[in-house]
Engineer: 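Sharing a structure here in structure tokens format.
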Amino acid sequence: MSETDSPPVLVTGATGRVGRVVIDQLLDAGVPVRALAHRSEAAATLPAKVEVLTGDLTVPESLDPALNGAGAVFLVWTAPPQSAAEVVARLAAHVRRVVFLSSPHQTPHPFFQQPNPMAVLHADIERLIAATGLESTIIRPGMLASNSLAWWAPAIRAGEVVRWPYGAAETAPVDDRDVAAVAARTLYQDGYIGGDYVLTGPESLTQAAQVGVIGDVLGRQIAFEEMTPDEFRRLSEGAPSSVVGMLLAAWSAAVGQPAYVTTAVADILGTAPRTLHQWAADHASAFAKDSY
């Protein structure tokens, strides 16, 4: 595919963990890319070949310049829910295809069945998209491997014990790069319209074991100590209480049973999803002592 063969793909959440890599994947495939940004300064952080347009999901009419002439949209919802209906209507008026970054709220596993305001929002947006008749694909990553950068890296860099609740809870961390590669593939290749994909890593690991994998990569043993849910709530002051409560409920429900693992990444990309060990090896510098 050459860049003159297809209309551009508009990427929302363009500077985020997944959206930024989606841009690289699309450019590598020769697909022209537009990025939606809140501020024009974002252009400095993106490849020169990307057309950056400013817009805001909370102001639906501000999206029109970025949508005009676009063929598909990678939708990452980063706004309150009030404007969702009008944004989706605008998408339907301008583009043919949308790939929505959702969550596995339909998955029959206790980890994903806890009360979760974000899942409610995602379900509402999915219904809005379905009602428009847009060619759509829904991708549902499970726990992202990169969460460990915020959760455990500070203690690991400092050489401290990692203290965390529900160390026995099992998840199947998925590499952000695999999520982005799936999103890109479904944006520019045919065959994925109507697809609904839960994306996970290849293995079920307890949270304590995940810390151990990072230690293996670093060549040192990292001590793990169980933290009580109340301690976690106190240490999470400033984070939305609904998010803290959702995480604690999900981890609690996941104790004692294997994580939900799918083959969707391999089915779409033709290559096995990266293991947590591979992800950690590629991000080892973020955990190294005195790296920040």
Engineer: Are M246 and M143 grouped together when hydrophobic residues (ILVMFWY) are joined by side-chain heavy atoms under 4.5 angstrom apart?
Structural biologist: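 Yes; tracing contacts between hydrophobic side chains, which count when under 4.5 Å, links both residues.
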Engineer: Measuring only between side-chain heavy atoms, which start at C-beta, is S103 closer than 4.5 Å to F112?
Structural biologist: no
Engineer: Look only at the side chain of S136 and the backbone of V98, and say whether a donor-acceptor pair between them is shorter than 3.5 Å.
Structural biologist: no
Engineer: Once ring-ring contact (aromatic ring centres under 6.0 Å, His included) is applied, do any residues pair with H122, and if so which ones, sequence neighbours excluded?
Structural biologist: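 By the ring-ring contact (aromatic ring centres under 6.0 Å, His included) rule, H122 matches F100.
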Engineer: Which atom names give the shortest non-hydrogen contact between D56 and S62, and what distance separates them?
Structural biologist: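 Nearest pair, atom of D56 first, then S62: N-OG, 2.9 Å.
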Engineer: Please find the pair of heavy atoms, one from R140 and one from S102, that lie closest to each other, and give the distance.
Structural biologist: NH1-OG, 3.5 Å
Engineer: Passes side chain to side chain contact (heavy atoms under 4.5 Å, CB included), R163 versus F224? Steps please.
Structural biologist: CA-CA 6 Å; R163 303 188 68 252; F224 184 95; over 6 Å; no
Engineer: State whether the side chain of R157 and the backbone N or O of A286 hold a donor-acceptor pair below 3.5 Å, judged by distance alone.
Structural biologist: yes
Engineer: Quick check against the 3.5 Å criterion: does R90 have a side-chain atom that pairs as donor or acceptor with the backbone of L63?
Structural biologist: no
Engineer: Could you list the residues that satisfy side-chain hydrogen bond (donor to acceptor under 3.5 Å, both in side chains) with R177, not counting sequence neighbours?
Structural biologist: D175, D282
Engineer: Would you say R185 and T137 make side-chain contact, with heavy atoms under 4.5 Å?
Structural biologist: no
Engineer: Has the side chain of E231 got a donor or acceptor atom that lies under 3.5 Å from a matching backbone atom of T228?
Structural biologist: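 Flag set: sc E231 to bb T228 pair under 3.5 Å.
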Engineer: Is it true that the side chains of E86 and S83 contain a donor and an acceptor less than 3.5 Å apart?
Structural biologist: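 The criterion, which ignores hydrogens and geometry beyond distance, is not satisfied for S83 and E86.
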Engineer: Residues in side chain to side chain contact (heavy atoms under 4.5 Å, CB included) with A123, at least two apart?
Structural biologist: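 Side chain to side chain contact (heavy atoms under 4.5 Å, CB included) list for A123, sorted by chain: H105, R127.
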Engineer: List for me each residue that meets side-chain hydrogen bond (donor to acceptor under 3.5 Å, both in side chains) alongside E226, sequence neighbours excluded, and say none if there are none.
Structural biologist: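 side-chain hydrogen bond (donor to acceptor under 3.5 Å, both in side chains) check on E226 returns nothing, list empty.
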Engineer: Taking atom CG of L67 and atom CZ of R34, what is their separation to the nearest 0.5 Å?
Structural biologist: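 Those atoms lie 8.5 Å apart.
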Engineer: Distance-only criterion, 3.5 Å: show the donor-acceptor pairs between side-chain atoms of residues 68-78 and protein atoms not counting sequence neighbours.
Structural biologist:
residue, atom, partner, partner atom, Å
N68, OD1, H94, NE2, 3.1
N68, ND2, D64, O, 3.2
W77, NE1, A79, O, 2.5
W77, NE1, P80, O, 3.3

Engineer: How long is the gap from CD on Q114 to CG on L248, to the nearest 0.5 Å?
Structural biologist: 11.0 Å
Engineer: Could you list all the salt bridge (Lys or Arg N to Asp or Glu O under 4.0 Å) pairs where at least one residue sits in residues 239-252, not counting sequence neighbours?
Structural biologist: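 Sorted pair list comes back empty.
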Engineer: How long is the span from the CG atom in D124 to the CD1 atom in I129, to the nearest 0.5 Å?
Structural biologist: 11.0 Å
Engineer: Taking the side chain from Q113 and the backbone from T107, do they hold a donor-acceptor pair closer than 3.5 Å?
Structural biologist: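 It does hold such a pair.
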Engineer: For atom CE of M227, decide whether the heavy atoms of other residues, nucleotides or ligands shown that lie under 6.0 angstrom number more than 12.
Structural biologist: yes
Engineer: Would you please test W251 and F232 for ring pair (Phe, Tyr, Trp, His ring centres under 6.0 Å) and show each step?
Structural biologist: CA-CA 12 Å; W251 289 326; F232 184 73; 5.6 Å; yes
Engineer: To the nearest 0.5 angstrom, please state how far the CG atom of L144 sits from the CH2 atom of W279.
Structural biologist: 10.0 Å
Engineer: Over all heavy atoms of both residues, which pair between P110 and Q257 is shortest? Give the atoms and the distance, please.
Structural biologist: CG-NE2, 3.3 Å
Engineer: Distance check, rounded to the nearest 0.5 Å: W164 atom CH2 versus Q207 atom CD?
Structural biologist: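 Output value for this atom pair is 7.5 Å.
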Engineer: For the pair F111 and H109, name the ring-plane relationship: parallel under 30°, tilted 30 to 60°, perpendicular over 60°.
Structural biologist: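 The arrangement is perpendicular - the two ring planes meet at more than 60°.
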Engineer: Using side-chain heavy atoms (C-beta onward) and a distance below 4.5 Å, is L218 in contact with I156?
Structural biologist: yes
Engineer: Which pair of heavy atoms, one from R96 and one from L134, lies closest together, and at what distance?
Structural biologist: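 Minimum heavy-atom contact is O-CD2, 3.7 Å.
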Engineer: Taking only residues two or more places apart in sequence or in another chain, which ones pass side-chain hydrogen bond (donor to acceptor under 3.5 Å, both in side chains) with S242?
Structural biologist: none
Engineer: Taking the side chain as every heavy atom from C-beta outward, state whether I268 and Y192 have any pair of such atoms under 4.5 Å apart.
Structural biologist: yes
Engineer: May I have the step-by-step check of side chain to side chain contact (heavy atoms under 4.5 Å, CB included) for I139 and L101, ending in yes or no?
Structural biologist: CA-CA 5 Å; I139 58 175; L101 184 70; 3.9 Å; yes
Engineer: Starting from the C-alpha separation in whole Å, work towards a yes-or-no answer on side chain to side chain contact (heavy atoms under 4.5 Å, CB included) for V50 and I23.
Structural biologist: CA-CA 8 Å; V50 175; I23 288 174; 3.6 Å; yes
Engineer: Is there side-chain contact between P7 and P32, with heavy atoms separated by less than 4.5 Å?
Structural biologist: no
Engineer: Just jot down the side-chain hydrogen bond (donor to acceptor under 3.5 Å, both in side chains) partners of Q278, sequence neighbours excluded, or say none.
Structural biologist: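 Applying side-chain hydrogen bond (donor to acceptor under 3.5 Å, both in side chains) to Q278 gives T275.
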Engineer: Please determine, by modelled atom types, if S146 and D176 share a side-chain donor-acceptor pair under 3.5 angstrom.
Structural biologist: yes
Engineer: Is L46 reachable from V33 through a run of hydrophobic residues whose side-chain heavy atoms are each under 4.5 Å from the next?
Structural biologist: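 Hydrophobic grouping puts V33 with L46.
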Engineer: Do side-chain atoms of T186 reach the backbone of V182 as a donor and acceptor pair under 3.5 angstrom?
Structural biologist: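 Side chain of T186 to backbone of V182, a donor-acceptor pair under 3.5 Å: yes, one is there.
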Engineer: Minimum heavy-atom separation for G19 to V11, with atom names?
Structural biologist: O-CG1, 3.8 Å
Engineer: Who pairs with L128 by side chain to side chain contact (heavy atoms under 4.5 Å, CB included), at least two apart in sequence or on another chain?
Structural biologist: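 With sequence neighbours excluded, L128 shows a side chain to side chain contact (heavy atoms under 4.5 Å, CB included) to A84, A85, V88, given in chain and number order.
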Engineer: Look at the side-chain heavy atoms of Ile, Leu, Val, Met, Phe, Trp and Tyr, link any pair under 4.5 Å apart, and say whether L276 and V198 land in one connected group.
Structural biologist: yes
Engineer: Do Q210 and T171 get their side chains close enough for a donor-acceptor pair, meaning under 3.5 Å?
Structural biologist: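 There is such a pair (donor and acceptor under 3.5 Å, judged by atom type) between the side chains of Q210 and T171.
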Engineer: For T206 and E170, which I'm curious about, is there any donor-acceptor pair between the side chains at under 3.5 Å?
Structural biologist: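 Side chains of T206 and E170: no pair found under 3.5 Å.
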Engineer: Would you say L269 and V261 are hydrophobically clustered, going by side-chain heavy atoms of ILVMFWY under 4.5 Å?
Structural biologist: no
Engineer: Going by side chain to side chain contact (heavy atoms under 4.5 Å, CB included), name the residues that satisfy it together with I193, two or more places apart in sequence or in a different chain.
Structural biologist: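 With sequence neighbours excluded, I193 shows a side chain to side chain contact (heavy atoms under 4.5 Å, CB included) to R97, E135, given in chain and number order.
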Engineer: Can V21 be reached from Y197 by stepping across I, L, V, M, F, W or Y side chains whose heavy atoms are under 4.5 Å apart?
Structural biologist: no
Engineer: Please enumerate all residues that pass side chain to side chain contact (heavy atoms under 4.5 Å, CB included) together with D24, with sequence neighbours excluded.
Structural biologist: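 Counting only residues at least two positions away or on another chain, D24 forms a side chain to side chain contact (heavy atoms under 4.5 Å, CB included) with R20, P47.
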Engineer: Who pairs with R233 by salt bridge (Lys or Arg N to Asp or Glu O under 4.0 Å), at least two apart in sequence or on another chain?
Structural biologist: D230
Engineer: Taking all non-hydrogen atoms of both residues into account, name the closest pair between V22 and A183 and its distance.
Structural biologist: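 So the minimum-distance heavy-atom pair works out to CG2-CB, 3.9 Å.
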Engineer: Going by heavy atoms in the side chains, are T54 and H38 under 4.5 Å from each other?
Structural biologist: no
Engineer: Are any of the side-chain heavy atoms of E203 and H277 separated by less than 4.5 Å?
Structural biologist: no
